[in-house]
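First the structure, in the form of structure tokens, and then the observations on it.
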Amino acid sequence: MSVTESMTRLQAQREALVEAALEHVPFDGWTKQALLAGAEDLDLAPGEVDRLLPNGIRQAITTYVELIDRKMVDALDAKGLEDMKIRDRIATAVKTRLELVEDQKDTVRAALAFMSLPQNAALGLKLTHGTVDKMWIAAGDTSTDHNWYTKRMLLAGVYGSTLAYWLDDTSDGHAESWAFLHRRIGNVMQIPKITAKLGKAGKVAAAPFKIGAKIARCVPTPGRMRRQFGG
């Protein structure tokens, strides 16, 4: 077995363990106990938890988020986003991501609580960045300048606020959440439809979006916000 095959097999086993543990997270939280229960469901020895997830709960949640992200990308590939306006592509991406965990709200809450701890904040930012980056790529984003950073910062705000609203939404089909999402995107756009080319905003200092480091001088000005979600 090649190294690549071995790593692929390991990742598949890790994901299977995490998915099995999801049945227990609503009751036990993101804990070693939930992972052990998942291992038992798969008839795995307790020691397999440490072998598959040597970094513990942080690695388990990372695996969970990345697994859902991959499912999101697959779902978006089948939706024909290229025929939509940019704002509709982004709205579809956010909605799709949340619908994939529609029956896992307690699991998502527990993950957010864990990532809110000071020692996990950098990882939480990294995972959010990974999710919104995949959304923009699926939406056809090809920017390489400072717009790359501001687009992801703006979408992180839209996604994060919509996620918080969605977690407490009990409306039929989460209709209120989708209305909230469209309002948030509308706020970012500042209403008017923009036809000007990207890059005419003037000189705006921007620093790379580095997870765990300070996000400096990449301020989302009104002009930028209108352009990022136009189309």
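Quantities reported herein were computed from a predicted structural model and do not represent experimental measurements. Only this structure's heavy atoms are used, side chains among them; waters, hydrogens and symmetry mates stay out.
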For the ring pair His129 and Trp148, is the centre-to-centre distance below 6.0 Å?
yes
Nearest 0.5 Å please: distance from the CE atom of Met72 over to the OG1 atom of Thr131.
6.0 Å
Side chain to side chain contact (heavy atoms under 4.5 Å, CB included), that's the test. Do Val132 and Val94 meet it? Break it down for me.
CA-CA 9 Å; Val132 299; Val94 174; over 6 Å; no
Are the charged groups of Lys79 and Asp88 less than 4.0 angstrom apart, N to O?
no
Nearest atoms (heavy-atom pairs only) where Val25 meets Ala110
CG1-CB, 4.3 Å
Between Leu10 and Gln13, is there a side-chain heavy-atom distance shorter than 4.5 Å?
yes
Please lay out, stage by stage, how Arg70 and Glu15 fare under the test salt bridge (charged side-chain N to carboxylate O under 4.0 Å, His left out).
CA-CA 12 Å; Arg70 191 168 70 245; Glu15 291 177 356; 2.9 Å; yes
Evaluate side chain to side chain donor-acceptor pair (under 3.5 Å) for Tyr64 paired with Gln104, printing each intermediate quantity in order.
CA-CA 11 Å; Tyr64 170 64; Gln104 300 173 9; 2.6 Å; yes
Is Met115 reachable from Ile57 through a run of I, L, V, M, F, W or Y residues, each pair having side-chain heavy atoms under 4.5 Å apart?
yes
For residues Arg14 and Thr63, is any side-chain donor paired with an opposing acceptor at under 3.5 Å?
no
Take His174 and Glu99 through the side chain to side chain contact (heavy atoms under 4.5 Å, CB included) test and state the conclusion after the steps.
CA-CA 9 Å; His174 291 95; Glu99 287 178 335; over 6 Å; no
For Glu176 versus Ser171, what's the shortest heavy-atom pair and its separation?
N-OG, 3.1 Å
Quick one: CD1 on Ile61 to CG on Asn120, what's the gap to the nearest 0.5 Å?
7.5 Å
How far does NE2 of His24 sit from OG1 of Thr31, to the nearest 0.5 angstrom?
10.5 Å
Does Lys151 offer a backbone N or O that forms a donor-acceptor pair with the side chain of Trp136 under 3.5 Å?
yes
Phe27 reachable from Trp30 in the ILVMFWY side-chain graph, under 4.5 Å edges:
no
Which atom names give the shortest non-hydrogen contact between Leu35 and Ala21, and what distance separates them?
CD2-CB, 3.8 Å
Looking at Gln33, I want to see if its CD is surrounded by more than 12 non-hydrogen atoms of other residues, nucleotides or ligands under 6.0 Å.
no
Step by step, would you call Leu163 with Val108 a side chain to side chain contact (heavy atoms under 4.5 Å, CB included)?
CA-CA 10 Å; Leu163 171 60; Val108 173; 4.1 Å; yes
Keeping Ser6 on the side-chain end and Val3 on the backbone end, is there a donor-acceptor pair under 3.5 Å?
no
Would one find more than 12 heavy atoms of other residues, nucleotides or ligands at under 6.0 Å from atom CZ of Arg51?
yes
Looking at every heavy atom in both Leu17 and Val49, which two are closest together, and how far apart are they?
CD2-CA, 4.1 Å
Same cluster or not: are Tyr159 and Leu67 linked, directly or through other Ile, Leu, Val, Met, Phe, Trp or Tyr residues, by side-chain heavy atoms under 4.5 angstrom apart?
no
Salt bridge (charged side-chain N to carboxylate O under 4.0 Å, His left out) between Asp168 and Arg109: does it pass, once the steps are laid out?
CA-CA 10 Å; Asp168 293 324; Arg109 285 193 187 92; 3.8 Å; yes
What verdict does the side chain to side chain contact (heavy atoms under 4.5 Å, CB included) test give for Arg97 and Val73, after you've listed the backbone C-alpha separation in whole Å, the side-chain angles of each residue and the deciding distance to 0.1 Å?
CA-CA 9 Å; Arg97 181 62 171 74; Val73 171; over 6 Å; no
Which value, rounded to the nearest 0.5 Å, describes the distance between Asp133 atom CG and Thr128 atom OG1?
12.0 Å
Can you find a heavy atom in the side chain of Lys32 that is under 4.5 Å from one in the side chain of Leu36?
yes
Compare every heavy atom of Gly29 with every heavy atom of Ala34, then report the nearest pair and how far apart it is.
CB-O, 3.4 Å
Please name the pair of heavy atoms, one in Arg89 and one in Met84, separated by the smallest distance, quoted to 0.1 Å.
NE-O, 2.9 Å
For Ser177, is there any backbone N or O sitting under 3.5 Å from a side-chain donor or acceptor partner on Asp169?
yes
Where the side chain of Ser161 meets the backbone of Val158, is there a donor-acceptor pair that is under 3.5 Å apart?
yes
Are Trp178 and Leu100 grouped together when hydrophobic residues (ILVMFWY) are joined by side-chain heavy atoms under 4.5 angstrom apart?
yes
Under 6.0 Å from the CG atom of Asn55, do we count more than 12 heavy atoms belonging to anything else shown?
yes
Strictly below 4.0 Å, N to O, side chains only: are Asp74 and Lys71 in salt-bridge contact?
no
Does Val65 belong to the same Ile/Leu/Val/Met/Phe/Trp/Tyr cluster as Ile137, with side-chain heavy atoms less than 4.5 Å apart forming each link?
no
Hey, could you give me the CE/OG1 distance between Met135 and Thr92, rounded to the nearest 0.5 Å?
11.0 Å
Once rounded to the nearest 0.5 Å, what's the spacing between atom CG of Leu53 and atom OG1 of Thr62?
10.0 Å
I want to check a possible cation-pi pair here: Lys105 against Trp166, using under 6.0 Å from ring centre and within 45° of the ring axis as the test.
yes
Pairwise side-chain contact, Val18 with Leu52, heavy-atom cut-off 4.5 Å (strictly under)
no
